[in-house]
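Numbers here simply count residues along the sequence, with the first being 1.
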Amino acid sequence: MDGFVASGFEAVRSAFADGQTTDEGGAQLCVYRDGAVVVDLWTGGDPVSGKDWDGESLAVQMSVSKGVTATCAHILVDRGQLALDAPVQEYWPEFAEAGKAEVTVAELLSHRAGLSSFDPGAGIGAQELTDWSACVSALAGMTPLWKPGTALYYHSLTWGYLAGELIRRVTGKSVGAYLAAEIADPLGLSLWLGLPESEEPKVIPQFHRDRWPGRDEVAAALSGAGIDVSARLVEATLGTVATRDAGIDLLNTRAGHAAEVPAGNVIANARALARMYAATIGEVDGVRLLSSETVAEARQPQTDGLGHPAPLDRLPVTHRFAQGYELTRPVSPMLGEGSFGHLGTGGRLAFAHPESGVAVGYSCTNMTGTDSVGPDPRWSPWLAALRDGLGR
């Protein structure tokens, strides 16, 4: 293990090492406090391609990407270019089709828009995820899977196109271009949505040893729970499950790296993620991304008390959302109430906690899959040590 820890955070070093001992891949942890780095660690290696692994190595961040994209949206809110209570159609007129005229920006950002998966007949499979126009057009013309605003269900793939097209309509730039201009370049981040080919050698492949349930297994489990798998919402959800493995494979290719899939293919390292979140809650080398008022609004709970839409209302609610960011929940405790950020499939995690002035980025290459049922065991030791170091 290599890296740096500031005085008072020495326990985080050993805790980080303890959490990674069974991990066959590489991991990075970076922590900022009050705009300065206090932890910058990396360990492990790359069993897939054999590339060198260090603090500058890059990895696909999966749904941590949603928190990055949400930050782009809130910069627009901060500047008065985007209103959370406004109808989406005000910025994206075509979105008003098929009963979506009243859907608000807040509902879209907080997974309440009723567009949690593509319609089964839309023809959007894994390969089409790199076709921005096809994905956006399919969602603009789609009838919601439930009445928007009345329930939540995780928009695992579609959220990025929805939020991303909203950003594009307001700014005239793709999310990747806006991210570069307003966040990555000012802060000097190794963070991209649409990776330049020149950065390709630094990308370390992601992999997983676990076997994840496929479409038929998920359908059987839902049916066994008394859920009608022929319902439109369920068919659409099973379509997302069916694209998962091929989609993850796509994200290990040059085409997958070059595309813009804002829900899942931001490429970065832990240093960049922590630095970005640090700049949302305070100044980092003269750069601050969001005002304290915008942060307060961005992390307001939007889904507390809501259930899933029928017929998936038999399933327990495991997500908790603010305006595009995840909030603390059993699967992702972060640093407790007040934290906002996003985890990514396979164990990635990035968030900020304004009350303590702390921002965290954790990146890894081994997708263990345990973060769907509880906190990733690789997080627990260093999170506990970090809380102790902060007196929490």
With heavy-atom distances below 4.5 Å as the criterion, would you say the side chains of L162 and L166 are in contact? no
Please answer whether the main-chain N or O of L233 pairs with a side-chain N or O of T237 as donor and acceptor at a distance below 3.5 Å. yes
Single-linkage hydrophobic cluster, 4.5 Å side-chain cutoff, L306 and L108 together: no
Taking Q300's backbone N and O only, do any of them form a donor-acceptor pair with Q302's side chain (distance below 3.5 Å, no angle check)? yes
Go through it in stages, so that I can follow the logic: the residues are E200 and H257, the test is side-chain hydrogen bond (donor to acceptor under 3.5 Å, both in side chains), and I'd like the CA-CA distance, side-chain angles, deciding distance and then a yes or no. CA-CA 8 Å; E200 194 67 37; H257 296 165; 2.5 Å; yes
Are T104 and D85 close enough, and set up right, to give a side chain to side chain contact (heavy atoms under 4.5 Å, CB included), and what steps lead you there? CA-CA 6 Å; T104 66; D85 59 357; 5.7 Å; no
Of all the heavy-atom pairs spanning Y91 and A86, show the shortest one and how long it is. OH-CB, 3.7 Å
Taking D245 for the side chain and I248 for the main chain, is one N or O donor matched with an acceptor at less than 3.5 Å? no
Do side-chain atoms of Q61 reach the backbone of A59 as a donor and acceptor pair under 3.5 angstrom? yes
Does H319 reach the main-chain N or O of V317 with its side chain, forming a donor-acceptor pair under 3.5 Å? no
At what distance, to the nearest 0.5 angstrom, does OH of Y153 lie from OG of S117? 7.5 Å
Can you confirm if the aromatic rings of H353 and F351 lie within a centre distance of less than 6.0 Å? no
For residues K100 and V88, determine if any side-chain heavy atom of one lies less than 4.5 Å from a side-chain heavy atom of the other. no
Kindly work out whether a path of hydrophobic side-chain contacts (I/L/V/M/F/W/Y, heavy atoms less than 4.5 Å apart) joins L29 to Y32. no
With a 4.5 Å cut-off on side-chain heavy atoms, are H74 and L84 touching? yes
Checking side-chain polar atoms at under 3.5 Å, does E56 have a donor or acceptor matched by the opposite partner on W42? no
Under 4.5 Å between any side-chain heavy atoms of M62 and M367, yes or no? yes
For Q206, is there any backbone N or O sitting under 3.5 Å from a side-chain donor or acceptor partner on N252? yes
For the student: nearest non-hydrogen atoms of H208 and N366, plus distance: CA-OD1, 4.2 Å
Would you call E337 and R320 a salt bridge, using N to O less than 4.0 angstrom? yes
Side chains of R232 and D119, heavy atoms from C-beta outward: is any pair under 4.5 Å? yes
Common cluster, V60/L193, ILVMFWY with side-chain heavy-atom separation under 4.5 Å: no
Is it the case that more than 12 heavy atoms not belonging to E102 sit under 6.0 Å from its CD atom? no
Let me confirm one number: the CD-CD distance from Q323 to E107, rounded to the nearest 0.5 Å. 10.0 Å
For the residue pair F321 and H111, categorise the inter-ring angle as parallel (less than 30°), tilted (30 to 60°) or perpendicular (more than 60°). parallel
Euclidean distance, F118 CZ relative to T240 OG1, rounded to 0.5 Å: 8.0 Å
Would you kindly say whether T71 and Y277 are connected by a side-chain donor-acceptor distance under 3.5 Å? no
Is there a side chain to side chain contact (heavy atoms under 4.5 Å, CB included) between W192 and V266? Walk through the geometry before answering. CA-CA 6 Å; W192 293 270; V266 161; over 6 Å; no
What are the two closest non-hydrogen atoms of P375 and S380, and how far apart are they? CB-OG, 4.4 Å
Look at the side chain of R275 and the backbone N and O of L187, then say whether any donor-acceptor pair between them is shorter than 3.5 Å. yes
I'd like to know if I167 and V103 are part of one continuous hydrophobic network [Ile/Leu/Val/Met/Phe/Trp/Tyr, side-chain heavy atoms within less than 4.5 Å]. yes
Any Lys/Arg nitrogen of R299 or E355 sitting under 4.0 Å from an Asp/Glu carboxylate oxygen of the other? yes
Check the hydrophobic clustering (I, L, V, M, F, W, Y; side-chain heavy atoms under 4.5 Å; chains of links allowed) and say if V295 and L273 are grouped together. yes
Which heavy atom of C364 sits nearest a heavy atom of G346, and at what distance? SG-O, 3.5 Å
Spacing of CG belonging to D2 relative to CG belonging to D40, to within rounding of 0.5 Å: 10.5 Å
Taking it one step at a time, do I124 and Y161 satisfy side chain to side chain contact (heavy atoms under 4.5 Å, CB included)? CA-CA 12 Å; I124 305 295; Y161 302 106; over 6 Å; no
Walk me through whether S116 and W146 qualify under side chain to side chain contact (heavy atoms under 4.5 Å, CB included). CA-CA 10 Å; S116 55; W146 68 88; 3.4 Å; yes
Just how far is it from atom CG of L386 to atom CZ of F16, taken to the nearest 0.5 Å? 13.0 Å
Answer yes or no: is there an ion pair linking R168 with E260, defined by an N-O contact shorter than 4.0 Å? no
Using atom types as modelled and distance alone, determine if a side-chain donor or acceptor of T253 lies under 3.5 Å from a backbone N or O of L250. yes
Is the shortest heavy-atom distance from the side chain of L179 to the side chain of L191 under 4.5 Å? yes
Hey, does the side chain of T69 reach the backbone of P262 with a donor-acceptor pair shorter than 3.5 angstrom? yes
Does a salt bridge link R169 with E94, judged by any charged N lying under 4.0 Å from a carboxylate O? yes
Can you measure from CG (L109) to CG (L82) and round to the nearest 0.5 angstrom? 7.0 Å
Looking only at atom types and distance, does a side-chain atom of K51 sit under 3.5 Å from a main-chain N or O of K202, one as donor and one as acceptor? no
Min side-chain heavy-atom separation Y362-R378 under 4.5 Å: yes
Within 6.0 Å of CG in D228, more than 12 heavy atoms from elsewhere: yes
Correct closest heavy-atom pair for V39 and V37 would be O-CG1, 3.6 Å
Any salt bridge linking R13 with E10? Criterion: basic side-chain nitrogen under 4.0 Å from a carboxylate oxygen. no
Given side chains that start at C-beta, do those of Y154 and K66 come closer than 4.5 Å, heavy atoms only? yes
Non-hydrogen atoms of A270 and Q28 that approach each other most closely: N-OE1, 3.0 Å
